[in-house]
S.K.: 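For reference, the structure I am asking about is given below.
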Amino acid sequence: MHEQRHGHVFPLRHGPDSSPTARRRRLARVSSTHRPPRRLHVVSGKGGTGKTTVAAALALALAEEGRRTLLVEVEGRQGMAQLFQTEALPYAERRIAIGPGGGEVFALAIDAEQALLEYLHMFYKLGGAGRALRRIGAIDFATTVAPGLRDVLLTGKACEAVRRRAGASGASGSGGGAAGQREWAYDAVVMDAPPTGRIARFLGVNEEVAGLARMGPIHHQAQAVMRVLKSAETAVHLVTLLEEMPVQETADGVAELRAAQLPVGSVVVNMVRPPLAAALPDEAATDRAALTRALAGAGLRGASGLVTPLLTQAREYAHRHELERRQRGELDALGLPVRELPLLTDGVDLAGLYLLARRLREWEW
């Protein structure tokens with residue numbers, strides 16, 4: 001059913017990558033024993049850096065053959081549905097793609113109201129009463145006037161997916177190995193999280209709740225969520241551009257996450273332009289006459305009128321190249337792995353998303 005419903009999302013050309021290079025990368029990841037495998041990947045970044053695209057590509061990259069990943073959206077923008085060219089995601093885990101490694105990718109758009117109803121039913125057995133509260137608008141009121149409550153529900157639902165054992169209710173569809181052969185419902189969960197400016201507070205809200213509620217189910221639930229978020233199985237990845245403001249916000253975000261004792265993973269530099277030249281000539285030292293002759297010799301008409309615009313573009317490129325070099329230095333100083341993804345000049349379509357996923361598969365996460 002799911003193959004028919006979403007068949008256009010994972011065509012056969014996106015099947016398992018069985019090249020020798022891909023096999024070596026998989027063996028390298030499996031043989032890494034210096035830390036436990038990360039199962040919760042929180043992706044944040046300044047607005048406009050492409051964090052949603054990176055989160056989707058990472059979920060595809062982590063879906064190796066026989067594995068399942070869950071891609072979680074918490075901001076209600078339905079960005080994942082747009083990227084995967086499918087209908088709006090419901091509040092249910094649905095298979096939306098097959099990764100380039102052959103594994104399955106599921107997606108979930110978390111709805112705070114629905115999550116609160118689940119929470120009330122789970123801890124206070126308010127099934128029918130919870131639905132009555134929703135009908136009179138109390139649920140919407142609670143999640144709107146208390147943004148901290150929204151964050152508790154969103155992070156709690158994502159962490160529940162991380163902790164869920166195979167065979168428990170949740171994901172729709174089959175595949176990825178029988179429940180008896182796997183320990184967890186999902187091998188990895190990727191969260192498209194809020195922007196860098198509020199990521200530390202978003203992830204740390206359960207610690208505040210655990211401090212306010214000294215006992216009872218709310219206290220224990222908040223503590224359980226923080227155990228997941230602060231464990232070695234979690235990594236917060238920050239997406240940035242080689243520009244001053246995004247890099248500064250990334251540095252600030254890393255400092256806030258470290259202060260909150262939340263595990264920082266990698267910095268992902270998105271939309272990296274390829275180098276155009278190994279070295280650029282000094283405009284003042286350029287032989288303009290020789291350049292004019294070279295352009296004319298290449299068959300370009302009006303060669304003399306092209307020299308000044310070309311030198312202007314070269315100067316602008318040199319300025320940007322130097323700016324990017326400095327920003328790379330700022331990112332290197334953070335002491336984190338830095339991964340670079342290329343600029344997709346034609347925009348991000350489904351094929352571009354798989355291209356980025358294949359690039360992300362080159363690194364350990």
Side-chain angles (χ1 to χ4, degrees), residues 2-19 21-22 25 41 43-65 67-90 93-109 173 175 188-193 195 237-243 246 266-276 339-363 365:
H2 296 285
E3 289 86 346
Q4 295 173 353
R5 186 177 183 187
H6 300 295
H8 65 287
V9 173
F10 41 93
L12 292 177
R13 66 177 181 272
H14 295 313
D17 186 349
S18 58
S19 67
T21 301
R25 287 198 296 264
H41 300 265
V43 180
S44 182
K46 180 177 171 59
T49 60
K51 71 174 179 66
T52 297
T53 298
V54 172
L58 181 58
L60 287 169
L62 293 172
E64 296 287 0
E65 188 172 2
R67 291 168 61 89
R68 280 178 161 187
T69 63
L70 175 66
L71 180 57
V72 175
E73 187 172 51
V74 300
E75 295 185 281
R77 296 185 293 107
Q78 288 292 336
M80 297 304 169
Q82 296 174 33
L83 281 171
F84 286 98
Q85 301 173 10
T86 186
E87 65 270 15
L89 297 174
E93 293 158 23
R94 293 288 185 264
R95 185 171 57 192
I96 61 168
I98 296 295
E104 297 178 303
V105 179
F106 288 70
L108 169 66
V189 176
V190 179
M191 180 197 294
D192 178 23
H237 309 294
L238 300 180
V239 183
T240 188
L241 306 177
L242 288 175
E243 298 174 3
S266 302
V267 173
V268 180
V269 183
N270 198 19
M271 306 184 210
V272 176
R273 295 171 174 81
L276 299 181
R339 318 302 192 191
E340 293 195 359
L341 291 175
L343 172 68
L344 302 180
T345 54
D346 294 330
V348 182
D349 57 8
L350 195 55
L353 197 60
Y354 274 84
L355 186 152
L356 296 177
R358 291 179 187 276
R359 182 65 181 272
L360 291 173
R361 294 179 75 220
E362 297 177 4
W363 298 301
W365 295 92

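What you are looking at is a predicted structure, and each value in this text was computed from that prediction instead of being measured.
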S.K.: Which pairs with one or both residues in residues 75-86 pass salt bridge (charged side-chain N to carboxylate O under 4.0 Å, His left out), sequence neighbours excluded?
M.R.: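 Output for this query lists Lys51-Glu75, Glu75-Arg77, Arg77-Asp192.
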S.K.: Any idea which heavy atoms bring Val190 and Ala59 closest together, and the distance?
M.R.: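 Scanning both residues, the minimum pair turns out to be CG2-CA, 3.9 Å.
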S.K.: Report the residues that fulfil side-chain hydrogen bond (donor to acceptor under 3.5 Å, both in side chains) with Glu243, sequence neighbours left out, ordered by chain and then residue number.
M.R.: none
S.K.: Looking only at heavy atoms, which two atoms of Leu71 and Ala56 are closest? And how far apart?
M.R.: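 Smallest interatomic distance, heavy atoms only, reads CD2-CA, 3.8 Å.
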S.K.: Could you state the interatomic distance from OG1 (Thr69) to CG (Leu60), rounded to the nearest 0.5 Å?
M.R.: 7.0 Å
S.K.: Could you tell me which residues satisfy side-chain hydrogen bond (donor to acceptor under 3.5 Å, both in side chains) with Thr53, sequence neighbours excluded, listed by chain and number?
M.R.: none
S.K.: Without placing hydrogens or testing angles, list every side-chain donor-acceptor pair under 3.5 Å for residues 345-353, not counting sequence neighbours.
M.R.:
| from | atom 1 | to | atom 2 | distance (Å) |
| --- | --- | --- | --- | --- |
| Asp349 | OD1 | Ala351 | N | 3.4 |
| Asp349 | OD1 | Gly352 | N | 2.8 |

S.K.: Checking His237 now: which residues fulfil ring-ring contact (aromatic ring centres under 6.0 Å, His included) with it, not counting sequence neighbours?
M.R.: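 Per chain and number, His237 pairs via ring-ring contact (aromatic ring centres under 6.0 Å, His included) with His41, Trp365.
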S.K.: Considering all heavy atoms of both residues, which atom of Ala88 and which atom of Ala81 are nearest to each other, and what is their separation?
M.R.: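 Taking every non-hydrogen atom into account, CA-CB, 4.0 Å.
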S.K.: What pair of heavy atoms forms the shortest contact from Pro100 to Arg361, and how long is it?
M.R.: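 For Pro100 and Arg361, the tightest heavy-atom pair comes out as CG-CD, 3.8 Å.
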S.K.: Does Val239 reach the side chain of Leu341, with side-chain heavy atoms less than 4.5 Å apart?
M.R.: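 No. Closest side-chain heavy atoms not under 4.5 Å.
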S.K.: Any salt bridge between Glu340 and Arg359, counting N to O under 4.0 Å?
M.R.: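 Salt bridge flag = no for Arg359 with Glu340.
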S.K.: Distance from Glu65 atom CD to Ile98 atom CD1, nearest 0.5 Å?
M.R.: 10.5 Å
S.K.: What's the shortest heavy-atom distance between Pro195 and Ser44, and which atoms?
M.R.: C-OG, 3.2 Å
S.K.: Using a 3.5 Å cut-off and no angle test, enumerate the donor-acceptor pairs between side-chain atoms of residues 266-275 and protein atoms at least two apart in sequence or in another chain.
M.R.:
| from | atom 1 | to | atom 2 | distance (Å) |
| --- | --- | --- | --- | --- |
| Asn270 | ND2 | Thr49 | O | 2.9 |

S.K.: Within the distance-only criterion (no hydrogens, no angle test), does the side chain of Glu104 pair as donor or acceptor with the backbone N or O of Ala63 below 3.5 angstrom?
M.R.: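 Not at all, since once roles are kept as given, no pair shorter than 3.5 Å links the two residues.
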S.K.: Can you tell me how far the CZ atom of Arg94 sits from the CG atom of Leu89, to the nearest 0.5 Å?
M.R.: 10.0 Å
S.K.: If every non-hydrogen atom of Ile96 is compared with every non-hydrogen atom of Ala107, which pair is closest and at what distance?
M.R.: CD1-CB, 3.6 Å
